[in-house]
Amino acid sequence: MGLQCLLSAALLLAQVEPREASQYCGRLEYWNPDNQCCGSCLQRFGPPSCPDFEFSENCGLNDFGDHVTHPFKECPPGQCNPNSEELCSPCGGGARAPTSAGTGQRCLQKRVPPKEPCLLKPETRSIPTSQEPSSLAISSPLHTVLRQGLLPYAMPLVLVLLVTSAVILLSLQRLCNRSRWKAVHLYPGLTCADSNTHTLFLNSPGSLDASEAELPNLASQPLSRLLDELEVLEELIVLLDPEPGPGGMVACGTTRHLAARYGLPAAWSTYAYSLRPSRSPLRALIEMVVAREPSASLGQLGIHLAQLGRADALQVLSKLGPSGACLV
């Protein structure tokens, strides 16, 4: 809800147009916020430097003293200003339209600065007397006009883009977290943090060959033998039982995942882990599998460990030699 309000406020801010006309001064004056008075555009900028240009309204300044447009602009169609007057007048002669006076106090009179040289090339200026639309080549002063005219819209636009990007990123993050939550809670035995696990899941034949190569003499050995080999069992418990603390990612290849490989539900794994540390979940798992499937073998355990990417556990399991022997 807060993000929607922020986005709406940003959009409204972007739609607000900057105020160009002064609330205190006339057409050819600007508001001086420091002295609280209306100053003359002519006394600040001098006469228009190029023919057929006139002063912009309030010299392009707002009441905060910021430039919102260029001080000068081109004459409207049908009007001319060959003598660099403050405003353009009809090209064929005639009086120009009167300008309204402001309500603010006038600033002290200052000396009018000299006219600056025109930076527009003669061949690039349009001729207003022709009454025909013509293209005006953009030169340095007009570049400035465009930049200053677009500047007030830049910050609202950037704000809208930033807020929109934040909303999109937040939505994607929530979607990813929701998908991860479903995967962890609906399929806890198949969710691993190790990227290699997914490859091993898809390559069961290769995993089987690898486990048989590492455990050549255990394929037919009963799983119940592991309950008698306490040293090997304890090493496997140290490797497979631990899980990360709260807030950590679900570890890959733990006893919880191994139980899922044997077809036990997630509720069983949760119960087995609730008995820690007085009882090992791995030992409880082996006892459960042996009770359900007396024919379960160490070779099958090796296959599951290989598919989970637990090469360290396979190495420990390989310490079991032929029946009745334990390799060091």
Side-chain angles (χ1 to χ4, degrees), residues 180 183-244 248-273 276 279-328:
R180 184 182 300 172
V184 171
H185 288 80
L186 296 181
Y187 308 100
L190 300 179
T191 306
C192 296
D194 189 356
S195 59
N196 295 329
T197 304
H198 302 287
T199 306
L200 291 168
F201 281 167
L202 300 175
N203 298 332
S204 296
S207 301
L208 177 60
D209 296 340
S211 62
E212 289 181 349
E214 293 184 19
L215 310 172
N217 300 318
L218 300 180
S220 60
Q221 294 293 321
L223 181 63
S224 58
R225 181 188 170 192
L226 190 57
L227 297 174
D228 299 327
E229 302 291 347
L230 298 182
E231 293 184 3
V232 176
L233 179 61
E234 286 298 326
E235 290 188 54
L236 291 176
I237 288 174
V238 171
L239 292 176
L240 300 177
D241 276 356
E243 286 188 320
M249 295 182 63
V250 178
C252 178
T254 63
T255 299
R256 188 184 298 273
H257 301 94
L258 190 59
R261 279 290 180 178
Y262 276 108
L264 295 178
W268 183 93
S269 298
T270 301
Y271 172 74
Y273 270 87
R276 295 179 67 191
R279 183 171 177 79
S280 165
L282 179 61
R283 185 180 185 92
L285 171 62
I286 295 174
E287 292 175 350
M288 173 64 71
V289 173
V290 170
R292 290 174 54 181
E293 282 185 61
S295 61
S297 65
L298 290 173
Q300 185 182 21
L301 174 61
I303 292 174
H304 292 330
L305 292 175
Q307 291 173 340
L308 291 175
R310 295 307 300 263
D312 52 349
L314 278 174
Q315 186 176 3
V316 173
L317 192 61
S318 66
K319 293 181 179 180
L320 294 176
S323 181
C326 183
L327 302 179
V328 180

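Heavy atoms only: backbone and side chains are in, while hydrogens, waters and symmetry mates are out.
- Scanning all heavy atoms of the two residues, the minimum distance from L298 to P222 falls at CG-O, 3.5 Å.
- For V316, the side-chain contact (heavy atoms from CB on, under 4.5 Å) criterion is met by V232, E235, L236, L239, not counting sequence neighbours.
- Remark: side-chain polar atoms of D241 are paired, donor with acceptor, to backbone N or O of L282 under 3.5 angstrom.
- The minimum heavy-atom distance linking R279 with A284 is given by the pair NE-CB, 3.9 Å.
- The minimum heavy-atom distance linking L240 with G253 is given by the pair CD2-O, 3.4 Å.
- Residues R225 and L320 have side chains in contact (heavy-atom distance under 4.5 Å, counting atoms from C-beta outward).
- Taken to the nearest 0.5 Å, the CZ atom of R261 stands 11.0 Å off from the CD atom of Q300.
- Here L230 contributes atom CG and R283 contributes atom CZ; the two are 6.5 Å apart, rounded to the nearest 0.5 Å.
- Here CZ of R310 is found 12.5 Å from CG of L317. Values are rounded to the nearest 0.5 Å.
- Taking CG of L226 as the start and CD of E287 as the end, the distance is 10.5 Å to the nearest 0.5 Å.
- Residues I286 and Y262 fail the side-chain proximity criterion, which asks for heavy atoms closer than 4.5 Å.
- A272 meets the side-chain contact (heavy atoms from CB on, under 4.5 Å) test with W268, P281; sequence neighbours excluded.
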* To do: Evaluate the criterion side-chain contact (heavy atoms from CB on, under 4.5 Å) for residue pair I237 and T255; output intermediate values, then yes/no.
  => CA-CA 8 Å; I237 288 174; T255 299; over 6 Å; no
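- In this structure, the side chain of H257 engages the main chain of T254 through a donor-acceptor pair within 3.5 Å.
- Remark: E293 engages no residue in a salt bridge (charged side-chain N to carboxylate O under 4.0 Å, His left out) (not counting sequence neighbours).
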